[in-house]
Each structure stands twice: as C-alpha cells, then as structure tokens.
Amino acid sequence: MSYKIDLSGGILTFTIDRPHIRNAINDEVIQGLEELVAQVHNHDPQFVIITASGEQAFCSGGDLSVYQHLRTRNEAYPMLKKMGDVLYRIKTLPVPVVALVNGMAVGGGCEIATACDYRLVRSHAKCGFIQGTLAITSGWGGGTYAMETIPHAEALKMLSEARVYTAQELLENGWATKVVESEAGVEAFFQSMKKIRPEVHRAYKEIAIRKWQSSHLKDRVNEEIRLCAELWEADAHHDAVERFLNKKK
Ligand SMILES: CCC(=O)SCCNC(=O)CCNC(=O)[C@H](O)C(C)(C)COP(=O)(O)OP(=O)(O)OC[C@H]1O[C@@H](n2cnc3c(N)ncnc32)[C@H](O)[C@@H]1OP(=O)(O)O
C-alpha cells in the first residue's frame, strides 16, 4: 500500500508511504486521498494532517516513471484533473488541514502542501514549485493556491523561479506557518490549536470556503489544469523528464 490513514486523538492523518521514491504520487496515492476525504466526512475529526514517511521527502510530485507515459495533452489531462479535483476537495474540507512537511516538497509535492491550511515545515526541508525546470506549470491547483496564500509577488516569484527554498525563506515569504525542529514543535502547534473549540475552527474554515466559492476558486484551478496539460505534450517537457529518469544510468 502506498499510503496509510490513521485516526488518533481527533486527528486524521494521511501518510504517503513511498520513501524509496521520495514519496512520489501514483494513482494509488490519488485514490488514497479520495478515501481520506470520505473518512473526514465519516469520522468528523478535529484536524487533518497530510505527511509522509521518512525524513528525506514530504513528496517529490508526480511519479515520473509512471506519468512519463502520458504523452499528449489528452492523455495528461485526466490524471491532472483527478488529482486537481481531490486536492480541491481537501482544500475545502470543513476542518483545518495541516501539511506536516517532513522533508523535501517539490513539484506536485509543493502543490499538495500549498492546498493545506497550515504548513509545519521541518527545519531541514526544502520546498519549491520546480515544475518550470520540466517546462510545465503547476497542474494540480497549487499555483492558484499559492496566489491565495502568500502575497502576489512572492507567489509569482516562487512559481516562476522554479527553485527550492529553504525553510527559513519559506517562513519569510509566508508559505511556512511555522518551522519546527522536532516532534515537540508539532505537538506545541496542536496543543495551542486544541485550546480553541472545534466548532470555532470549523466556523472560520466555512468563512474561508465561502470566500473561495465567491471568487470562483474551482474555475481558476480548472484553468490551471488545462494550461498545464497544454504544456505537458511539448518535447521540452518529455526531454526534461527523460533527463531526470536517466540521470544515474
Ligand atoms: C505531476 C507534476 C509534477 O509533480 S512535476 C514535478 C515532478 N518531480 C520532480 O521533477 C522531482 C524529481 N525528484 C527530484 O528532483 C529528487 O529526487 C529530489 C526530490 C530533489 C530528491 O533528491 P535525492 O534525495 O537526491 O533523491 P534521488 O533523486 O536520488 O531520488 C531517489 C530515488 O527516487 C526516484 N525519484 C525521486 N523523485 C521521483 C519522482 N518524482 N518520480 C519518480 N521517481 C522519483 C529517483 O529516480 C531515485 O530512484 P533510484 O533510486 O535512482 O532508482
């Protein structure tokens, strides 16, 4: 199984469990995220955490060994749309969603973390929208969410530079909610959050969701997915993916 779901102390935790491949996303993880959404509605937790196994990576984006076989925009679009849809459902869950960024979060991995309400970033983690180096844009909604989350110029810079940022840089540009050195920092965050009644957290989330609905967030995400699918089919993209996959051969 590529993921684990665990409910404990009112917190539903989703763990991507593919550390050997830097927790890259495959179809099974996408299905797992759909299961996570269903479990939130069934179990009514206070908080949701998205994290990953090991200390090296939160997520290295799409599994390039699998998705390299999607060649045209029409082949790439269903994968991008499926992941984009489930990330939107996660973003609009009725409870706070926390990304516990345990290591590198790049490409689609950075998009997953950006879809969450809070990002607790381990001090050694580096994160970035490196999609530009593969001649594509973000395509799971993460670019749109970045523009909702941090000031416009910071978001555009982070997306366009296509490099990884240190935890300190992420704190400075507002992407990281908190940089944590250890598990104790994570516990302190939840202790502080749990002082406030769950219905208060839910009410603030409802206010945020109403704002996103009235500013047509879903339509904007769909447009991002469409633009990424267009770029996906270019030789420049396929050549860059091939270079990465062949780098050690
Ligand atoms: C769908 C849209 C997108 O997400 S586009 C963005 C796709 N992602 C990327 O381009 C990032 C690719 N990965 C990397 O740049 C590096 O692996 C990062 C995450 C920086 C980690 O570097 P490092 O710690 O040195 O590990 P490494 O490169 O030796 O990787 C270990 C093994 O895992 C693999 N791996 C890693 N990421 C992916 C991925 N996204 N898809 C498929 N395989 C991946 C590497 O190839 C490597 O495999 P192997 O052990 O050499 O067989």
Side-chain angles (χ1 to χ4, degrees), residues 11-12 14 25 30 32-51 58-59 61 77-101 105 107-121 127-129 131 137-160 170 173-178 189 193 196-229:
I11 300 180
L12 192 63
F14 183 90
I25 302 297
I30 299 178
L33 290 169
E34 285 168 353
E35 188 187 330
L36 171 74
V37 171
Q39 289 209 21
V40 173
H41 293 297
N42 290 340
H43 297 301
D44 210 18
Q46 263 182 277
F47 298 96
V48 171
I49 291 179
I50 298 182
T51 191
F58 171 76
C59 175
Y77 183 82
M79 178 279 287
L80 295 170
K81 182 80 169 77
K82 194 161 193 245
M83 184 64 180
D85 281 352
V86 74
L87 269 194
Y88 180 80
R89 292 178 71 199
I90 287 169
K91 181 154 193 71
T92 53
L93 283 172
V95 296
V97 183
V98 180
L100 189 46
V101 184
C110 196
E111 297 193 51
I112 295 171
T114 308
C116 298
D117 296 304
Y118 302 105
R119 281 156 293 284
L120 305 186
V121 181
C127 310
F129 295 99
Q131 289 90 332
T137 58
S138 53
W140 290 343
T144 305
Y145 301 147
M147 290 177 187
E148 283 286 315
T149 302
I150 60 178
H152 170 77
E154 293 291 351
L156 203 56
K157 184 154 86 76
M158 199 174 166
L159 291 159
S160 306
L170 295 164
N173 78 6
W175 188 87
T177 309
K178 180 177 178 182
F189 174 84
M193 284 290 178
I196 303 303
R197 292 182 62 82
E199 50 270 34
V200 175
H201 289 293
R202 281 177 171 262
Y204 280 127
K205 192 69 196 272
E206 197 178 317
I207 292 168
I209 292 168
R210 285 215 190 113
K211 179 198 154 205
W212 294 329
Q213 286 167 341
S214 66
S215 65
H216 307 286
L217 183 65
K218 186 75 166 79
D219 294 345
R220 290 185 279 138
V221 165
N222 285 341
E223 186 58 16
E224 175 180 336
I225 294 169
R226 194 188 62 72
L227 285 169
C228 182

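Everything quoted here is computed from the prediction, not taken from an experiment. For this chain, numbers begin at 1 and follow the sequence in order.
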Q: Tell me, please, which residues at least two apart from Arg202 pass salt bridge (charged side-chain N to carboxylate O under 4.0 Å, His left out).
A: Asp44

Q.
Taking ring-ring contact (aromatic ring centres under 6.0 Å, His included) as the definition, give me every residue that meets it alongside Tyr145, ordered by chain and number, with sequence neighbours left out.
A. none

Q: List for me each residue that meets side-chain contact (heavy atoms from CB on, under 4.5 Å) alongside Asp85, sequence neighbours excluded, and say none if there are none.
A: Lys81, Lys218, Asn222

Q | side-chain contact (heavy atoms from CB on, under 4.5 Å) partners of His41, counting only residues at least two apart | A | Val37, Leu93, Pro94

Q. Salt bridge (charged side-chain N to carboxylate O under 4.0 Å, His left out) with Lys178: which residues, sequence neighbours excluded?
A. none

Q) Quick one: side-chain contact (heavy atoms from CB on, under 4.5 Å) partners of Ala113, sequence neighbours excluded? A) Phe58, Ala99, Val101, Arg119, Trp175

Q: Please name all residues satisfying ring-ring contact (aromatic ring centres under 6.0 Å, His included) with Tyr77, sequence neighbours left out, ordered by chain then number.
A: none

Q: Taking ring-ring contact (aromatic ring centres under 6.0 Å, His included) as the test, write out the residues that go with Tyr118, two or more places apart.
A: Phe189

Q: Quick one: list whatever passes side-chain hydrogen bond (donor to acceptor under 3.5 Å, both in side chains) with Gln131, sequence neighbours left out.
A: Glu111

Q: Not counting sequence neighbours, which residues clear side-chain contact (heavy atoms from CB on, under 4.5 Å) with Lys157? List them please.
A: Glu154, Glu161, Tyr165

Q) Who passes salt bridge (charged side-chain N to carboxylate O under 4.0 Å, His left out) against Glu35, sequence neighbours left out? A) none

Q | Non-neighbouring partners of Glu148 that pass side-chain hydrogen bond (donor to acceptor under 3.5 Å, both in side chains), sequence neighbours left out | A | Lys211, Trp212, Arg220

